[in-house]
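Beneath this line is the structure, given in structure tokens, with notes to follow.
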Amino acid sequence: MNFYQRALRYIQRTPTKTLLLVITFFLIGNLVILGLGVSQASDNAKILTRQKMRAVVSYEIDYEGFWKYADAIEDVNERDEVYKHYPKLDIAYASRLTEDERVLAYNYMISDIAYGIDFDHVPLGNEENKNDSYVDENGNTVTYKEPEYMLCGSRSVNMIELEEGTWQVNEGRFLNEEDIDQARSVAVITEELASQNNLRVGDTITVTRTNPNNLSRYKDKGINTDELNIDLDIIGIYSTSEDVDPNSESFRWMSPYESPKNKILIPMTTMSEFMFNTYLLDREADPESYRDDDIEETRESLNTPSQVYFLLDDPLHVDQFVADYERSLPEFQMLNANNETFKKMARPLDTMSFFANIVVWIVVVNAVVIISLVTALTLKTREYEIGVLLSIGVSKLIVVAQLFLELLLIAFVGFALASVSGSLMAGRVGDLVLDYQSNADAQYESDDDYYFTSSDSYFTEVTQDELFSQYHVSVSPLLIFEIFILGTGVVLISIVIPSAMIMRLNPKQILLQ
Amino acid sequence: MSAILKLENICYGYTDGSFKREILKSLSYEFQAGTFYTILGPSGSGKTTLLSIMAGLDKQESGKIYFEGEDIDKMGLYRYRRNKIGVVFQSYNLITYLTGLENTLLSMTETDNKLPANRKEVAYALLNMVGIANTKADRLVTRLSGGEQQRIAIARAIACNVDLIFADEPTGNLDTATEQEIIRLFQMLSERYGKTIIAVTHSNEVSKLSDHRVLLKNGVLNDL
């Protein structure tokens, strides 16, 4: 008659007590499953949505922080001085981030609009709606030439678009480290642009940052306008799956440079030198406008991007990546994972998860108290039995093991039943609360658009509906396992405390009670 | 005959407020193996306390108890209770959700003593020996009479193959006829199987049937 045989006999032969305890565990189990199920579904929805989003983090200037700091300066001169020196990204810091093993690719670029000298841009298809001239207030006709190209100077040879397959080099090669280190005058262009102008790898194109309609001011100063141009040898031709949306509202007003087909990629070092050279010529053409400029500071700013984007290996690593580097960020700089919008969007889920967790904790604490009381009362009626067992030499550990096993078996039955009913209940309650939460939130936040928006398209756009569509309350085997572990812990505490109270006495004292 | 249990300067008392009452006063005694002892004494003399201390259910304040020459404190009270003795209580103290057979098997499972492999048959045989038929042995103990329950308690006490049995008022809840049967059972265990029985009783009738009567008075034991 081992302890487990005795435990089974007790359960079998005291059916009323067993049933009452099964009901107690069943009710507690339902509430715990409800709470944990709702909470887990919220977390899962957030994780699934996160996984669908691009794992992108941007390193950028914290303009808001800087403006707040500058505006707080009372002395006007001092404030003006501060405004003259806008914060710049720290190149060394950005390089440190690129070396992190979670970073798959990064975009470290400076960009500017450009015009072609001897070749044509890829038409957008909206040209018929546009006039390239207008009459000014003096009655003169002014011709206007729209920017044609987006000239992108990259410091990265492993750009996000290449890593993700948005771009594919079909001919020649992409930029390499040597191109960047030696500031070579080379370019990678789209296949549409190449096709438009019958360009091949090895051909040369010439671009300028200066509007061809504004060359007179250089000529007036005797500046050779050819110096405003840069010749670029085509080293690669790539295809891109990016395109403009002809149905978008802004399409009508778009300039050719906004089309991904009109993007020209060159080394960032080449881009910086070209921009600095143009700056020097601008300065020569109009010395008055640039009188107070610090040339070296301008050179440095032309060499520094305003944002660096990092593509990580897993969307779920984004928060940790930001947390790892946030503490060592230079002043007025930030790592942006576009979390604020996501957090706002996920607020109803967080609220639900918060209350669900509170319910779980209240239930668990109450469960420990209730089950301990029930067990204590049950054990009170079994004091003599404990005394008898101890008097015939059964060890305290074996006595506890028997009582623990009895309650554990009962708890398992209660929780097993609860896992079925609790999961059904959790699904219904979860949907109801989510509806209520999202409606309540919509009332207060109706002005907010729940979209990930960014001037760049590196951050994925996800709507709140998409997030909520990931919300499914289901009781996973892991959750059941967690509940069983939790239940076992509650049972253990409930048994150990009252048993210890009884067994602190010797067998004679227990039997006399 | 050799001493199976030796008490040496046993002291025990309890405090009631500021008043300390001594129950056992440097009590010494030797119990011989194979003898049926009864301990008599007036109410409150400490008979049950003495039995509890001898059975390892309570702890003396001072003094030593030797079982076959071995200090039971050194042996460990759990081991002592599990392997060396059996106890029969006035209120039987059986496990109510178990049958007579299961109660008997209980002590056979817990002991470290060597027992035959066919424990169930042995348990039935022991129960039969104390007058419990197999059909009754398979019933829950709550469905048996007081006398039958006490017989099962005796079977449980001897089931783990021990030589020393303590009995605390074993016939206190029984009628006269049953009392006689239980006492005869103890006599049989002592005479036929060489068991040492130490029974606490207030009944002169019971004590007359024992081999040796001892009186507990003023905290010491004296032969009668």
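On a predicted model such as this, the values are computed, not experimentally measured, just so you know. Each chain gets a letter, A, B and so on, in the order the sequences are listed, and its residues count up from 1.
Heavy atoms closer than 4.5 Å to chain A are found in both the backbone and the side chain of B:T49. Both the backbone and the side chain of A:V394 come within less than 4.5 Å of a heavy atom in chain B. Of the two parts of A:R6, the backbone and the side chain both hold a non-hydrogen atom closer than 4.5 Å to a non-hydrogen atom of chain B. At a 4.5 Å heavy-atom cutoff, B:R119 makes no contact with chain A through either its backbone or its side chain. Using a 4.5 Å cut-off between heavy atoms, B:F89 touches chain A through its side chain atoms alone. When heavy atoms are compared at a cutoff of 4.5 Å, B:E110 approaches chain A solely by way of its side chain, counted from C-beta outward. At a 4.5 Å heavy-atom cutoff, the contact between B:T96 and chain A is made by backbone and side-chain atoms alike. In this structure, chain A has no heavy atom under 4.5 Å from any part of B:S91. Heavy-atom distances place the side chain of A:Y384, and not its backbone, under 4.5 Å from chain B. At a 4.5 Å heavy-atom cutoff, the contact between B:L94 and chain A is made by backbone atoms alone.
No more than 12 heavy atoms of other residues, nucleotides or ligands shown are found within 6.0 angstrom of CE on A:M501. The number of heavy atoms from other shown groups lying within 6.0 Å of NZ (B:K20) is above 12.
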Candidate pair B:L106 and A:L389, rule side-chain contact (heavy atoms from CB on, under 4.5 Å), full reasoning: CA-CA 9 Å; B:L106 176 61; A:L389 290 171; 3.8 Å; yes
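Listed by chain and number, the residues in a side chain to side chain donor-acceptor pair (under 3.5 Å) with A:S395 amount to none (sequence neighbours excluded).
Interface check for chain B: of the options A:R13, A:K396, A:R382, A:Q12, the most heavy-atom pairs under 4.5 Å are formed by A:R13.
Nearest heavy-atom pair, B:Y97 versus A:E385, reported as atom, atom and distance to 0.1 Å: OH-OE2, 2.5 Å. Closest approach of B:I95 and A:V388 over heavy atoms only: CD1-CG1, 4.1 Å. B:T109 approaches A:N2 most closely through the heavy-atom pair CG2-OD1, 3.1 Å.
Judged by distance alone, with hydrogens and angles left aside, the side-chain atoms of B:R81 form a donor-acceptor pair with the main-chain N or O of A:L390 at under 3.5 Å.
In this structure, A:Q5 CD and B:L98 CG are separated by 10.0 Å, a value rounded to the nearest 0.5 Å. Here B:T48 contributes atom OG1 and A:L511 contributes atom CG; the two are 11.5 Å apart, rounded to the nearest 0.5 Å. Atom OH of B:Y78 and atom CG of A:L397 lie 10.0 Å apart (nearest 0.5 Å).
Side chains of A:N506 and B:K59 form no contact here, defined as non-hydrogen atoms less than 4.5 Å apart.
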